[in-house]
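Here is the structure we will look at.
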Amino acid sequence: MIVAPLRTPLCELLGIRVPVLLAPMAGGVTTPELVAAVTGAGGLGSFGLEGMSADAAHDAVRRAVELGGPPVGINVLLAPTEGPEPGAERVHEVLAPFRRELGLDAPPPGPPEPPPAAAPRALVEAGLDAGASVVSVGMGDPAEVSDLARAAGAPLLAGAATADEARRWARSGADAIVAQGAEAGGHRMTPGPGAQPPPLVGTFALLPRVVDAVDVPVIAAGGVMDGRGLAAALALGAQGVAMGTRFLVSEEARLPRFVQERILGLADVDTVITDQVTGRPGRWIRGRVVDALVAQRPGTYGWPRHRHALWDVRTAGAERADVDLFPMLAGQGAGLAGAIRPAADVVAETVAEAERILGAGV
Ligand SMILES: Cc1cc2nc3c(=O)[nH]c(=O)nc-3n(C[C@H](O)[C@H](O)[C@H](O)COP(=O)(O)O)c2cc1C
């Protein structure tokens, strides 16, 4: 049984028993089984819907609600489209040796054609129609979907990586802010186009600033891997945590086993932030492809097109189970995960450990 103080006002807002959120992760990682397991354990399971068709999003959400019941969260990315940088063609020169190694043909010249995916509003509509009851956005202004969330009575969460951004999203109608520290895996919530280098504020410095800056509940994201992280976040004023990397190594995540094993073995210095893999700054596991792009900085085709520039390499890297040729987003905390575990156990152990630390256990 969970008792106060781990039950925060955020729990009331989201309809959850414990203040642990599965951070939304696009790319198919957040399966219905993973989302349902986190919700079933009393937290909030959330889908990263970016890149999906509206039908696929609808099916996934409906399945998670069937498996784990409400609440189920959905997330979309709102980053504006950016154009190619001068010289972006050089990205294929950097990738050429890897393509030769993998026996892949050179891609046609010019920016890649992204596969069809639904627009953020269509994804939110599909997810809400299928039974989602929490909406979150990353990399943009939540006002873009706030009418949809309001109409459905769903709380709206917005990711922020600076205190200023948190203030802006609260003014735009966010019901809670996800404060994403620099440690986090995934893309940075900020900056806008052209901000180089991106402002990188660690979770410990960011969290109290955001808590002071806004009147809505704050959720800590970035480097939270266990109950120590949850306890620290609560102590700094957060009302909950969103864990991404920890759930990458859960049994229900859709991620090849060789990648999960690599994540378990990562040292604190084994990830790097770069915009050269997808066109926006993200934190990646270091490996031969990522290191070559970081070192040679060929330029990008811009977001979101650049994301597809090395899709063939990644797919072939997965077939070979070669982690060096399979660029993957993950946070600095990765190696702290310990073991591949069922997601419900991760939630329960995280809460139990935080309760012990905070002296809040039964
Ligand atoms: C593989 C991966 C994919 C992600 N995709 C999204 C996404 O689609 N939308 C989003 O708002 N955040 C996304 N993120 C960021 C997470 O929601 C969260 O901020 C981050 O994982 C927290 O830090 P941690 O990885 O240290 O736990 C992603 C993170 C990872 C690792």
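When a ligand or atom number is given, it counts from 1 through the structure's own listing order.
Evaluated for a side-chain hydrogen bond (donor to acceptor under 3.5 Å, both in side chains) with T203, the options E183, Q332, Q180 yield exactly one hit, E183.
Atoms of ligand 1 lying under 4.0 Å from any heavy atom of M243, numbered from 1 in the order shown and given with element: 27 (O). Taking every heavy atom of L329 and a limit of under 4.0 angstrom, the matching atoms of ligand 1 come to 1 (C), 31 (C). Each of the atoms 28 (C), 29 (C), 30 (C), 31 (C) of ligand 1 lies under 4.0 Å from some heavy atom of G186. Of all atoms in ligand 1, listed by their number and element, those nearer than 4.0 Å to a heavy atom of G138 are 11 (O). Those atoms of ligand 1 with a heavy atom of M328 less than 4.0 angstrom away are 1 (C).
No heavy atom of R283 sits closer than 4.0 Å to any atom of ligand 1. The shortest heavy-atom distance from M189 to ligand 1 is under 4.0 Å. The closest approach between P24 and ligand 1 falls below 4.0 Å for a heavy atom of the residue. Heavy atoms of G223 come nearer than 4.0 angstrom to ligand 1 in at least one pair. Residue contacts with ligand 1 include Q180, since one or more of its heavy atoms lies under 4.0 Å from the ligand. Under the 4.0 angstrom criterion for non-hydrogen atoms, L77 is in contact with ligand 1. In this structure, G222 has a heavy atom closer than 4.0 Å to ligand 1.
Annotation: atom 4 (C) of ligand 1 to nearest protein heavy atom, M25 CA, 3.4 Å. Of all protein heavy atoms, the one lying nearest to atom 9 (N) of ligand 1 is N75 OD1, 2.8 Å. When only non-hydrogen protein atoms are considered, atom 18 (C) of ligand 1 lies nearest to A23 CB, 3.6 Å.
One finds no salt bridge joining D270 and R286 here, because no Lys/Arg side-chain nitrogen approaches an Asp/Glu carboxylate oxygen to under 4.0 Å. A salt bridge links E101 and R288; the closest N-O separation between the charged side-chain nitrogens and carboxylate oxygens is under 4.0 Å. A salt bridge does not link D164 with R209: none of the charged nitrogens is closer than 4.0 Å to a carboxylate oxygen. Salt bridge annotation for D275-R297: present, with a cationic side-chain nitrogen under 4.0 angstrom from a carboxylate oxygen. In summary, R121 and D147 engage in a salt bridge, as defined by a charged side-chain N under 4.0 Å from a carboxylate O.
The distance from atom OG1 of T271 to atom CD1 of I273, rounded to the nearest 0.5 Å, is 7.5 Å. In this structure, T278 OG1 and L293 CG are separated by 10.5 Å, a value rounded to the nearest 0.5 Å.
When all heavy atoms are compared, the tightest approach of V38 to G45 is CG1-N, 3.9 Å.
Side chain of E353 to backbone of G227: a donor-acceptor contact under 3.5 angstrom is found.
In terms of N/O distances under 3.5 Å, ligand 1 is approached by G244. Taking distance alone, with nitrogen or oxygen atoms compared against 3.5 Å, G185 approaches ligand 1 more closely than that limit. Inclusion of A26 in the set of residues having an N or O under 3.5 Å from an N or O of ligand 1 is warranted. At least one N/O-N/O distance between T245 and ligand 1 falls below 3.5 Å.
The list of side chain to side chain donor-acceptor pair (under 3.5 Å) pairs with a residue in residues 304-316, not counting sequence neighbours, reads E50-R307, R99-D312, E113-R305.
Relative orientation of the H92 and Y301 rings is tilted, given thresholds of 30° and 60° on the angle between their planes.
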